[in-house]
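Here is the structure we will look at, set down as structure tokens.
To find a chain, count down the sequence lines: A is the first, B the second, and so on, and within it residues start at 1.
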Amino acid sequence: MKRAVHNKRLEQKIFKEIRKEVLNSWPTGRQVNLKEAINFHHHLPEGKVSPKKLAKGKEKGDIFVQPRAGVALREEQITLLRSFEKAGADFLPTTIDSYTRQNRYEEAELGILESKKLGRSMLNGYPAVNEGVWKCREIIESTKVPVEIRHGTPDARLLAEITMAAGFTDFEGGGISYNIPYSKNISLEESISNWQYVDRLVGWYQENGAIINRESFGPLTGTLVPPSISHSVSIIEALLAAEQGVKSVTLGYGQCGNLVQDVAAIRSLTSLAEEFLSDFGYRNILITTAFHQWMGGFPKNEARASGVISWGAVAGSLAKANKIISKTVHEALGVPTKEANISGIKITKQIVNMLKDQEFFSREALEEEIRIIKEETRCILKKVIELGKGDIAIGTILAFKEGFVDIPFAPNRFNVGKVLPVRDNNGAVRLLNPGNLPFTKEILNFHRIKIEERAKRENRRASLQMVIDDIYAIGKGMLVGRPRTGESYED
Amino acid sequence: MKRAVHNKRLEQKIFKEIRKEVLNSWPTGRQVNLKEAINFHHHLPEGKVSPKKLAKGKEKGDIFVQPRAGVALREEQITLLRSFEKAGADFLPTTIDSYTRQNRYEEAELGILESKKLGRSMLNGYPAVNEGVWKCREIIESTKVPVEIRHGTPDARLLAEITMAAGFTDFEGGGISYNIPYSKNISLEESISNWQYVDRLVGWYQENGAIINRESFGPLTGTLVPPSISHSVSIIEALLAAEQGVKSVTLGYGQCGNLVQDVAAIRSLTSLAEEFLSDFGYRNILITTAFHQWMGGFPKNEARASGVISWGAVAGSLAKANKIISKTVHEALGVPTKEANISGIKITKQIVNMLKDQEFFSREALEEEIRIIKEETRCILKKVIELGKGDIAIGTILAFKEGFVDIPFAPNRFNVGKVLPVRDNNGAVRLLNPGNLPFTKEILNFHRIKIEERAKRENRRASLQMVIDDIYAIGKGMLVGRPRTGESYED
Amino acid sequence: MPARQGEMEKIALVIGVIGADVHAIGNKILEDAFSQAGFKVVNIGVLSSQKEFIQAAIKSKAQAIIVSSLYGHAEMDCSGMRQRCIEAGLDNILLYIGGNIVVGKQRWEEVEARFKELGFDRVYPPGTSPSKAIKDLREDLKMESKGYKNGGWR
Amino acid sequence: MPARQGEMEKIALVIGVIGADVHAIGNKILEDAFSQAGFKVVNIGVLSSQKEFIQAAIKSKAQAIIVSSLYGHAEMDCSGMRQRCIEAGLDNILLYIGGNIVVGKQRWEEVEARFKELGFDRVYPPGTSPSKAIKDLREDLKMESKGYKNGGWR
Ligand code: B12
Ligand code: B12
């Protein structure tokens with residue numbers, strides 16, 4: 001069913017109509033019983049409820065650690081999560097497989113069967129929809145800390161219905177961040193509208209006393225995404241969620257690699273979100289941040305990979321993010337084993353703990369960087385609001401069309417894809433081609449100067465080759481993709 | 001032979017007399033032929049000569065990486081070193097076994113035999129003296145970068161003779177740093193005098209056109225040693241070396257764990273050394289720094305250990321040390337395997353490379369910390385100079401006697417051992433008991449206030465228990481040893 | 001005397017990312033790499049089905065189909081592909097695959113064997129540089145002897 | 001009624017670090033731990049020979065010798081130690097050892113067996129907490145039944 005998209009709370013009547021369709025789209029949908037679900041949520045111990053744990057942690061200044069993980073079979077998934085809990089994970093994940101993300105449940109079914117037959121996971125995640133409410137609930141019942149659904153699903157309505165009914169209290173994604181990097185042909189109208197449904201469902205739980213956290217997927221394509229672009233997306237998704245009644249939002253951000261930029265990004269993110277939420281009159285919303293350790297290409301060598309993981313833990317700790325999402329030493333190879341994932345958690349925990357009492361930042365450099373990020377984000381968001389005449393949903397759709405919001409390297413055809421990022425001489429991500437981003441002359445100049453500095457140092461023109469070098473750089477042991485130096489690097 | 005110790009260049013005549021004794025103390029001593037050795041050094045390619053590589057690196061701002069490693073058998077040692085070189089080590093080590101360090105060559109011989117018999121290394125290092133000049137030289141001939149002798153030998157005269165004749169161009173240690181933490185009954189008179197011999201030998205090579213670097217062992221007991229104490233020792237050793245004609249010194253420093261303190265320590269170290277060397281009129285000396293990754297107790301878990309290694313790499317990189325000495329994930333367990341050592345190198349390299357283009361420090365905090373370290377170090381060194389009436393050797397011996405220089409936790413009975421360090425609330429190492437360190441009231445106050453802050457936060461008195469908690473802390477995954485928090489930590 | 005490149009018609013390749021896979025970065029780089037190496041590249045992008053690969057290959061008269069799969073489901077997504085190529089009349093078309101083609105870290109020899117079994121001519125482990133595939137293409141398509149110059153890529 | 005601790009004479013232990021080993025930190029902590037647990041601790045420190053351990057034990061009438069070795073040479077340093085204890089008349093003295101007692105990371109079962117072979121009653125892997133040894137001492141010396149109260153350490 002197609003609807004014109006506005007940033008307006010979904011009416012109960014329409015919500016119910018759509019709901020029927022959603023729950024009928026796959027047999028397990030019929031297992032959803034909201035009354036029973038609310039009751040189950042009410043009886044969850046506090047430590048298992050994500051927004052409660054986040055609120056407490058925020059107050060105490062805790063930095064939580066959460067891995068990613070999903071396998072085809074439930075028993076294995078439970079074993080995984082339990083071992084992560086033992087290893088010190090503060091939040092647990094259930095990562096959904098790629099067929100489910102594309103609503104291809106038949107293929108997911110095949111994946112489950114194949115996995116059982118071959119005795120190894122043939123799916124890159126947990127097929128929660130095929131499993132249904134009761135099987136998913138076993139996961140909640142076998143763990144002691146909040147479990148979040150992590151995925152990448154443009155249309156996550158059924159997934160949300162099933163997993164929230166099962167007792168999950170945290171749900172990642174949004175109409176932009178789970179569409180543009182994750183699909184090719186799906187329009188923003190469609191995905192935003194579908195995610196309004198998800199947010200409304202969360203709002204509905206909220207109104208019935210069951211609070212669920214919503215998290216934006218800040219890293220987007222994971223590849224050289226400048227903070228202001230991902231901040232804009234996260235804040236738009238927070239505004240969209242707030243309108244539907246969501247009261248707890250986590251804003252995601254993917255490490256860029258330059259420490260000043262990363263610390264500035266996390267510190268500016270909360271204050272920007274507060275600014276815009278309050279401008280729009282949304283009150284009493286718990287805002288937290290999630291810092292993703294490096295989301296781009298990893299080194300294959302495991303020692304090098306643990307260096308990258310550690311560096312993420314350092315940046316997340318010094319930035320004082322509320323949560324760090326950990327990577328593993330198998331990142332460049334394939335879905336990690338339990339052991340690899342545990343080691344990612346432990347590396348991260350070790351660093352978080354060693355750094356939690358330390359303050360360290362260069363005030364001037366940091367303030368400059370914060371100023372830039374804030375100004376850029378405001379440029380983008382003001383444009384969005386202007387285009388939508390105050391309606392953020394409409395504004396977003398129009399802004400993407402014009403490339404005023406534009407996500408580097410995204411596969412989706414509704415993304416203009418003109419923006420080309422590149423690192424500056426200190427490794428901060430800047431814009432080689434700003435595309436149509438609605439930045440001021442001053443900002444555009446700032447980027448140009450920063451990139452020029454690097455070009456000069458490297459004695460070459462800033463070009464696509466420089467971008468490609470940067471994409472490979474961390475995988476090859478560097479941050480900045482310098483022209484080949486002859487350093488003979490061996491894995 | 002006992003001599004009264006002064007900080008005066010050893011006369012050639014006396015040097016020669018001692019030399020006979022030294023070379024006769026074990027059969028391999030007779031292999032040393034200085035003329036042949038000088039000739040060999042002259043023909044070493046530049047890349048294999050430590051001071052040359054250090055000078056170049058310092059100019060370019062390189063941060064070099066060096067592991068530690070020594071095994072009983074030469075073939076294995078060579079295999080080890082070659083694999084480190086391949087893994088990216090910029091400097092190589094040859095770590096000497098503990099019998100050799102105590103001049104117990106008979107036991108070292110037994111260790112070699114047992115190792116051959118059992119097919120596994122029964123020694124914790126390479127027995128270079130027993131091996132002799134020609135076998136040691138095989139090491140130099142099979143590698144392409146400078147190799148340093150790392151040990152912990154109060155009387156290293158024969159070791160120096162043999163390894164320098166073999167072609168090693170870097171030699172760690174000093175009359176204080178290789179005595180106080182490494183022996184029980186050896187006086188400073190004895191060790192300083194023996195190390196004057198070593199320095200004179202280096203001076204002699206220097207005068208004959210073969211430059212060799214001398215490195216102080218900054219970490220001392222590796223356990224909560226405040227920067228000003230280790231800086232004082234490093235600078236004294238640099239002064240003693242300079243007097244004997246050494247022209248290239250590396251000053252060592254062991255990571256404390258608090259980033260501001262560690263960065264401040266490295267930045268102050270070079271400038272302090274320049275200050276004192278020039279005060280005493282020693283000119284044209286190349287000064288570089290070596291940053292040791294955490295030297296105290298490590299976590300047993302390998303993932304956690306890689307977190308600690310990474311944190312050391314981060315601190316060393318941000319401090320811009322000239323060289324980082326890497327640890328391994330086997331640290332808490334035993335002498336590392338080749339693989340563990342390589343992973344330590346790679347973790348470190350990955351981080352060094354990712355950070356090398358980044359500047360990041362809080363100016364105010366850093367400057368305050370630099371000021372404190374400098375003032376403390378000056379207090380100590382001025383006292384030493386005063387006591388020795390300008391003679392740094394005599395002053396050192398007297399100062400140790402009075403506890404004006406005092407190394408925490410050292411086993412040597414000529415060390416007063418009153419000083420008790422503890423971490424402050426941000427994890428910087430401060431003094432719970434300053435013993436007789438000749439600090440100003442202001443400085444003593446500063447320490448008191450810092451520690452009080454922590455005591456208050458932890459709601460307990462600052463006591464020995466707090467120190468013990470700190471000693472265990474990093475091994476248990478923390479930096480500051482907080483009273484038990486109930487965090488259930490699993491390895 | 002062999003014709004010089006540029007005067008000769010370029011050899012066409014179809015590239016794309018198969019199945020429900022959206023990993024777009026490597027695909028963009030491969031397009032750049034194969035183009036620079038002198039091929040005519042038809043890039044059907046991410047989320048592509050077997051059918052889309054085959055249709056594009058027919059339309060462009062491609063001599064090779066280069067499948068990327070990063071997300072781990074390649075075994076399922078590629079099953080029957082060689083058969084469908086033959087049915088569509090692409091009897092001799094080269095089939096290459098690379099990326100992170102299985103779920104998790106597995107023994108490479110076994111993985112390679114499974115994909116050879118599925119009909120792929122060349123199977124590449126994680127992180128293989130595009131230049132490797134370019135070299136193999138030149139060999140498998142006997143381009144040297146047909147007078148194609150080496151385009152080269154980084 | 002058993003006497004209360006404090007009124008009873010404390011049981012003496014000799015502790016020290018054997019061989020050419022200078023690791024002093026753990027030794028200082030062990031001294032503190034065993035003292036707090038109610039033992040009379042004779043600490044001969046680092047760089048101690050078998051002979052020094054045995055003489056100290058004779059002099060202090062110790063019921064146990066607690067050897068630390070951190071640096072990896074314990075196998076060589078401890079060879080013949082049980083024999084020498086017996087020769088010195090310390091027939092029933094307990095011998096414990098702990099620290100990092102072999103070179104490198106080795107299979108613990110084998111290491112333990114080798115040291116049991118050397119005559120040690122208890123052999124501890126790296127990083128064992130002092131409290132473990134205290135518990136074992138209380139057991140091996142039947143201190144409970146002799147009325148010694150549990151001193152406890154952290
Ligand atoms: C960035 C990234 C993402 C981004 C992608 C954004 C986008 N739209 O492009 C986001 C965050 C959205 C993402 C999502 C997911 N990802 Co992802 N992702 C990565 C990551 C970190 C880097 C990929 C990358 O861009 N590398 C840089 C480019 C230049 O390299 P490349 O992709 O490897 O491509 C090169 C080579 O593979 C080679 N190549 C490719 N094809 C071919 C073909 C031939 C013939 C030859 C010779 C060579 C060749 O050449 C390319 C150019 O040099 C990798 C891990 C890594 N490599 O470090 C994981 C990884 C690929 N992702 C993975 C997974 C599982 C997912 C998710 C399912 C989420 C999850 N469960 O974690 C979703 C899948 C969504 C979907 N439906 O596809 C797994 C795949 C696991 C496996 N195979 O066992 C990986 C390996 C991570 C891991 N270890 O778990 N991901
Ligand atoms: C600090 C340190 C040093 C300092 C010591 C300063 C000093 N004078 O004390 C310095 C830098 C000088 C040093 C030197 C060397 N060290 Co060191 N050092 C360490 C380190 C990092 C920490 C030790 C420590 O203080 N830990 C904190 C204390 C509280 O813990 P602990 O020592 O383990 O003691 C506790 C337990 O072991 C246990 N315990 C000890 N004895 C007993 C006995 C019983 C019965 C029980 C129940 C328990 C018990 O209780 C203690 C208190 O909790 C360790 C590695 C590690 N553990 O992380 C290496 C380590 C011990 N050193 C090692 C080596 C080899 C050396 C050197 C030979 C240099 C080299 N080749 O690297 C020299 C040796 C010099 C010599 N002649 O002895 C190796 C030993 C290797 C092996 N066994 O295979 C280690 C394990 C590092 C490594 N992995 O290579 N070292």
Side-chain angles (χ1 to χ4, degrees), chain B residues 71-72 97-104 107-108 110-111 114-115 118 120-125 152 154 180-186 221-224 296-300 302 329-337 340 408-413 417 464-465 467-469 471-472 475-476 484 491, chain D residues 15-36 43-50 52 68-80 98-108 110-111 114 118 124-131 152-154:
Chain B
V71 289
D97 75 283
S98 291
Y99 293 134
T100 302
R101 291 168 184 221
Q102 306 283 338
N103 311 92
R104 286 150 71 159
E107 282 162 274
L110 203 73
E114 286 281 299
S115 304
L118 294 172
R120 58 186 158 89
S121 182
M122 292 294 284
L123 292 177
N124 58 16
I180 303 297
Y182 284 98
S183 83
K184 190 156 76 169
N185 291 315
I186 297 170
T221 51
T223 306
L224 301 175
F298 252 66
K300 274 193 289 181
E302 297 188 9
V329 294
H330 283 178
E331 179 62 16
L333 296 165
V335 170
T337 55
F409 310 114
N412 188 296
R413 69 186 171 85
L464 183 67
Q465 187 57 49
V467 182
I468 293 178
D469 291 342
I471 290 176
Y472 283 120
K476 292 195 170 167
R484 268 197 277 165
D491 224 3
Chain D
I15 74 169
V17 186
I18 202 162
D21 192 340
V22 302
H23 289 91
I25 325 290
N27 171 259
K28 290 185 187 193
I29 291 186
L30 286 179
E31 175 173 345
D32 186 62
F34 290 125
S35 305
Q36 279 194 38
N43 185 359
I44 60 172
V46 302
L47 285 170
S48 296
S49 64
Q50 291 189 13
E52 288 168 299
S68 291
S69 174
L70 283 305
Y71 76 151
H73 294 183
E75 257 175 289
M76 292 191 284
D77 295 336
C78 297
S79 115
N100 299 67
I101 58 178
V102 287
V103 174
K105 193 178 162 185
Q106 298 182 22
R107 270 204 47 212
W108 179 247
E110 290 166 18
V111 172
R114 290 209 297 273
L118 283 174
Y124 300 95
T128 303
S129 160
S131 56
W153 191 71
R154 290 166 18 108

If we only count heavy atoms from C-beta on, is the [X] to [Y] side-chain gap below 4.5 Å?
{"X": "L123(B)", "Y": "H73(D)", "answer": "yes"}
{"X": "Y99(B)", "Y": "D77(D)", "answer": "yes"}
{"X": "V22(D)", "Y": "K184(B)", "answer": "no"}
{"X": "E107(B)", "Y": "M76(D)", "answer": "no"}

Exercise for the section: Output the option from P336(B), P411(B), S183(B), G125(B) having the highest count of non-hydrogen pairs under 4.5 Å with chain D. Expected result: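 If we count pairs closer than 4.5 Å to chain D, P411(B) comes out on top.
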To the nearest 0.5 Å, what is the distance between [atom1] on [X] and [atom2] on [Y]?
{"X": "N124(B)", "Y": "N100(D)", "atom1": "CG", "atom2": "CG", "answer": "11.0 Å"}
{"X": "Q465(B)", "Y": "Q36(D)", "atom1": "CD", "atom2": "CD", "answer": "7.0 Å"}
{"X": "E75(D)", "Y": "L118(B)", "atom1": "CD", "atom2": "CG", "answer": "7.5 Å"}

For [X], which atoms come within 4.5 Å of any heavy atom of chain D: side chain, backbone, both, or neither?
{"X": "P408(B)", "value": "neither"}
{"X": "S98(B)", "value": "both"}
{"X": "A410(B)", "value": "backbone"}
{"X": "L464(B)", "value": "side chain"}

Problem - Nearest non-hydrogen partners of I29(D) and I468(B), listed with the distance - result: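 What the structure gives for the nearest pair is CD1-CG2, 4.3 Å.
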Problem - Atom of P126(D), atom of L333(B) and distance for their closest heavy-atom approach - result: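 Taking P126(D) first and L333(B) second, the nearest heavy atoms are CG-O, 3.9 Å.
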Handout entry: Stepwise salt bridge (Lys or Arg N to Asp or Glu O under 4.0 Å) test for E110(D) and R120(B)
Key = CA-CA 14 Å; E110(D) 290 166 18; R120(B) 58 186 158 89; over 6 Å; no
Practice task
Tell me, for K105(D) versus chain B, whether the close heavy atoms (under 4.5 Å) come from the side chain, the backbone, both or neither.
Solution key: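 Interface part for K105(D): both.
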Exercise for the section: Among the options P125(D), G19(D), G127(D), G104(D), pick out the one with the most heavy-atom pairs lying under 4.5 Å from chain B. Expected result: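 Of the options given, most contacts go to G104(D).
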